[in-house]
Every structure is written in C-alpha cells, then in structure tokens.
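Notes follow the structure.
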Amino acid sequence: MLLPSLITVLSLGSMATAVPTTRARAAASHKLLVGGPAQIFTANFDGSSFDVTVANTTAGTGPSWMRYKDTTKTVYAVDENGSNLNQFKFADESRQSLTYAASVEGSAGVVFLEFNQDKTRMVGASYGTGTIDVWDVSMDGPPKLIKKVTVEGPVNPKQGTHRAHQARLDPSGRFMIVPDLGGDQLVVLDTKDDKYEIVNTVSLFADAGPRHGEFIKADDKTFYTVVGETSNKVMFYQVDYSDDKLGLKEISTQSTYGPDLGPANATSAAAGAIAVASNKHVYISNRFSGNETDSIAHFVFDAAGPSLNFASSTSSRGISPRAISLSNDETSNYLFVANQGGDNGLVAFMRCPSSGKLTAEPVAVKVNSELNPPGPQIPNAGPQFVQEI
Ligand SMILES: *[C@@H]1O[C@H](CO)[C@@H](O)[C@H](O)[C@H]1NC(C)=O
Ligand SMILES: *[C@@H]1O[C@H](CO)[C@@H](O)[C@H](O)[C@H]1NC(C)=O
Ligand SMILES: *[C@@H]1O[C@H](CO)[C@@H](O)[C@H](O)[C@H]1NC(C)=O
Ligand SMILES: *[C@@H]1O[C@H](CO)[C@@H](O)[C@H](O)[C@H]1NC(C)=O
C-alpha cells in the first residue's frame, strides 16, 4: 500500500531525482510527543525511523500523559509521581524546540488529560486520589484550577480508593466518560455550561478495573468500548442520549486477547491502552502477559450486529505497551506503540486502512537502551506515552 503522497510522486514519473526529496518532505510531517519516567521527548518519524530529541529531563517525574494545543503551541504534561501540571511551549511554527513554561498544582497522581470541545477547559484524571481536576486553559499563560470533582460510590477493597484513569469527550462534545478503576464504574461528566458535574455512573462487575475507553460513531448511533485493566476484558456499549444525559446499554464483554489466545501469566496480565481508527478498527494493548513480548489485539466494529469482533494479535515487540496511538493522517497509516520495557521502546507499525491489519514487522523501532533515562537502569523505564501532534 502506497502513501497518497508517494502515489502522486510516482505517477509524475519523469524526474527520478525528485522522488527522494518529496518523500523526505512528506515524511517529515510526523512529529511525535513522547513521555516516560523523568523525560519528555519530541521525535520526528519519517516512515522508517525515529529521530528523537530530549526536551526535558527531571528526575522523579512521570510525564505519562500529555495534551497539545496547536493554537498556542502549548504542551500540557501530567506528573503521575507528583501533583504538578507542567506546561511547555514550542518557540515557533517549526516546533523544533520545546521549552518549559510553568507548573501549577492540582491533584496528585494524574495520569490523563482531555480538552473540552473548544479547548478552553482541560480535565485531569487522578489515578492516585480518584479526583477529577478541571482547568481553565483558555489563556496563553499558566492553567488555572477551577474545580475538583470528587468521585463517589463504593470502592473495590483491593484498590482502596477511587482511581480516575482517563476522561474522554464524547462525539457530541458535551459529555466525558471517566473510567474509575478503583470503583469498578464509569462516571459521566457533563461539561455543558461549564458545570462539570457527574450526571450518571454505570457500575461494572467486581474487579472489572476499567482503564481506557473510546467512542465509535456509526451514522446516528454512538458506541463506547472500554478496556478493563484488572479483568483483561473489553466491554462494549451502545450510548443512549435520552433524559439529557449519557447512558450506556451493554452489548458484549469479552477477553482483550480474543476467544483463542490469552496471557501466559494471568496474574500479572493488565490490559492497557485502546485506539480506534476510522470508527471501525479497535486496537488494544495487552501488557504484562508473561509472554516473550506483549501484544496488540485488533478488533473490528460491525455496525450490523452491532458487535465487536476479534481479528488478530500482533507482537508489540516489547514489554508493557502502556500507550498506543494512531498517526494523524486522514487514513491513520501508522500505529505507534510505547513499550515501557523489553528491547524496543518506540515502535511504529504500518496499518492497512481498509482491513485495519498491522504489518507483522514494525516499520520503525527505537530501542529502549537509547531511550532510558540517565542513571542506574531500572526495569520498565522506557516510554509510557506517544502521540503525533
Ligand atoms: C511513579 O508512579 C508510578 C505509578 O504509581 C510508579 O509505578 C513509579 O514507581 C513511580 N516512580 C517514581 C520515580 O516514584
Ligand atoms: C523541566 O521541567 C520541569 C517540570 O517538570 C521544570 O521544573 C524544569 O525547570 C524543566 N527544566 C528545564 C531545563 O527547563
Ligand atoms: C502467550 O503464551 C501462551 C503460552 O504460555 C499462549 O498459549 C498464548 O497464546 C500466548 N499469547 C499470545 C497473545 O500470543
Ligand atoms: C506471574 O505474575 C505474578 C505477578 O506479577 C508473579 O508473582 C509470578 O512470579 C508470575 N509467574 C511466573 C511463572 O512468571
């Protein structure tokens, strides 16, 4: 499968010397933001390799999630090992150098950031305390904490606290679903009129451990699928917008490994990230499987069912693929993986836009020995976050 830019170049045909130049220009367009223990990187991905630059090193921090606002060239980074929300900025349009701007205090142990529809507000989900921070990010300067939402309801005794693991804005732009791993529930936040109030909670089965979810839009219907970290199950729902709130009607619950595969070690297995391409192809990372390497499972959404059907599993080429994300081109030609451990830290797979199949061989790899922070080598110190910006 050829990239559209290459097809254009090849069909021009005439000047052979023009090909590498144009190819290089097209490829340079993938700029990635990468985070791991103590470090923030930027990486240029050209379709076959990663050119990585360290942007900030601060011992003891965990920038495991970031959000980028293009209008102000601003990067917001959590510190899961502290309570600061850190702000960085690119100097100019070329986005070559990312410099530190400010730090503001919020909840401790925040692991995810999400914008509201017009990017004037940003929500932080705290795994450490279960609170949900609401930030005013409408201005160019440091964010301002305007609300802390407390998650209520019973807590799983094995977790001991609510754990807000993510906040994802729905396709209508009004509601966010916050998976609460510690309470085995999904919390619905209403962003309308700047309220940021919990308007619904959906209880899951004991030890479901919901971690990360994504929406799927199919004509006038909306679906939601969420990965359970402690259960290694993927739950699939149809969204119901009646009564001025977001409700969920369960369709299926199945193993994140599909019907035939499984982890070598069911005790350590902890499903992690999810990414959805073209409202059809669902990718889930299976971490700490005890297998030689961990894996990315591919499921396909079928609107006619509606159903979510296992298709295949691909080695992540490392251990603990904590983050997976798609490239920003229209057909999401690449899937990026951040493996915290094992040989390969940063991995790119090519993706067939129609079948959703990943290439078995990665198209680019950056080894963990070149990505781990300075100082004594500790396990799983590789990248935890990767996203094209
Ligand atoms: C940061 O927090 C994570 C998650 O709680 C933990 O696994 C890790 O050991 C912490 N790192 C440091 C340097 O404290
Ligand atoms: C790196 O980021 C931290 C916040 O995590 C900040 O305190 C520090 O000043 C930054 N370092 C540099 C050299 O800008
Ligand atoms: C992991 O290894 C076990 C054997 O220990 C095997 O049955 C299973 O299919 C493997 N899982 C994957 C996803 O390859
Ligand atoms: C499976 O994982 C558990 C929890 O991490 C660990 O204690 C145990 O040693 C692992 N078993 C094997 C066979 O590696």
Side-chain angles (χ1 to χ4, degrees), residues 33-42 53-67 73-91 96-106 108-111 113 124 141-143 158 207 209 227 229-234 254-273 283-299 310-322 324 337 339-342 349 358 360 373-375 379-380 384-385:
L33 204 52
V34 179
Q39 297 186 106
I40 292 172
F41 307 91
T42 57
T53 305
V54 178
N56 181 282
T57 303
T58 308
T61 59
S64 59
W65 198 269
M66 292 179 252
R67 279 282 172 197
K73 301 279 173 287
T74 300
V75 170
Y76 299 96
V78 305
D79 175 7
E80 72 170 35
N81 296 109
S83 50
N84 276 350
L85 172 64
N86 299 311
Q87 189 189 21
F88 300 83
K89 271 174 171 283
F90 286 106
Q96 288 306 311
S97 68
L98 184 65
T99 53
Y100 171 68
S103 298
V104 280
E105 199 174 341
V110 171
V111 290
L113 298 169
K158 290 176 207 156
D207 300 329
V227 171
E229 170 176 328
T230 33
S231 57
N232 296 289
K233 292 277 193 319
V234 52
Q254 63 187 304
S255 166
T256 56
Y257 289 82
D260 300 324
L261 303 173
N265 188 341
T267 313
S268 59
Y283 303 90
I284 293 172
S285 67
N286 281 308
R287 305 178 300 165
F288 300 113
S289 57
N291 293 64
E292 199 180 332
T293 57
D294 283 329
S295 52
I296 313 294
H298 170 211
F299 293 80
F310 177 78
S312 64
S313 174
T314 304
S315 164
S316 77
R317 302 287 165 149
I319 305 291
S320 186
R322 174 156 165 178
I324 57 174
V337 180
N339 286 306
Q340 291 181 268
F349 292 96
L358 303 178
N380 304 326
Q384 302 177 332
F385 174 85

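As the structure lists them, so they are numbered: ligands from 1, and atoms in each ligand from 1. Below, each value reflects all heavy atoms present in this structure, side chains not excepted, and no hydrogens, waters or symmetry copies.
In this structure, CD1 on I284 lies 9.0 Å from OG on S255, to the nearest 0.5 angstrom. Distance check, rounded to the nearest 0.5 Å: CG of L261 to OG of S313 gives 5.5 Å. Taking OG of S320 as the reference point, atom CG of N286 lies at 11.0 Å (rounded to 0.5 Å).
Protein heavy atom closest to atom 10 (C) of ligand 4, with residue, atom name and distance, is N265 ND2, 2.4 Å. Among all non-hydrogen protein atoms, the one lying nearest atom 3 (C) of ligand 2 is T58 OG1, 3.4 Å. For atom 12 (C) of ligand 3, the closest heavy atom belonging to the protein is N291 ND2, 3.5 Å. Nearest protein neighbour of atom 1 (C) of ligand 2, counting heavy atoms only, is N56 ND2, 1.5 Å. Atom 14 (O) of ligand 2 has Y100 CB, 3.4 Å as its closest protein atom, hydrogens excluded (heavy atom only). Ranking protein heavy atoms by distance to atom 5 (O) of ligand 2, first place goes to N86 ND2, 3.2 Å.
With 3.5 Å as the limit, one finds no donor-acceptor pair spanning the side chains of K89 and T99.
Residue contacts with ligand 3: Y257 is placed with no nitrogen or oxygen under 3.5 Å of a nitrogen or oxygen of the ligand (distance criterion only). Between T267 and ligand 4, a contact under 3.5 Å exists for no N or O pair.
For I296 against P321, the heavy-atom pair with the smallest separation is CD1-CB, 4.3 Å. The two residues P374 and Q39 make their nearest non-hydrogen contact at CD-OE1, 4.2 Å.
Listed by chain and residue number, W65 satisfy the ring pair (Phe, Tyr, Trp, His ring centres under 6.0 Å) test with F385 (two or more places apart in sequence, or in another chain).
If you number the atoms of ligand 3 from 1 as listed, the ones under 4.0 Å from a heavy atom of L261 come out as 9 (O). Residue-ligand proximity, A264 to ligand 3, at heavy-atom distances under 4.0 Å covers atoms 1 (C), 2 (O), 5 (O). Those atoms of ligand 2 with a heavy atom of F88 less than 4.0 angstrom away are 2 (O).
Between G262 and ligand 3 there is a heavy-atom distance shorter than 4.0 Å.
Using a 4.0 Å cut-off between charged nitrogen and carboxylate oxygen, E229 and R322 do not count as a salt-bridge pair.
Ring orientation note: the planes of H298 and Y283 are close to parallel, at an angle under 30° on the 30°/60° scale.
Remark: atom 7 (O) of ligand 3 lies closer than 4.0 Å to no protein heavy atom.
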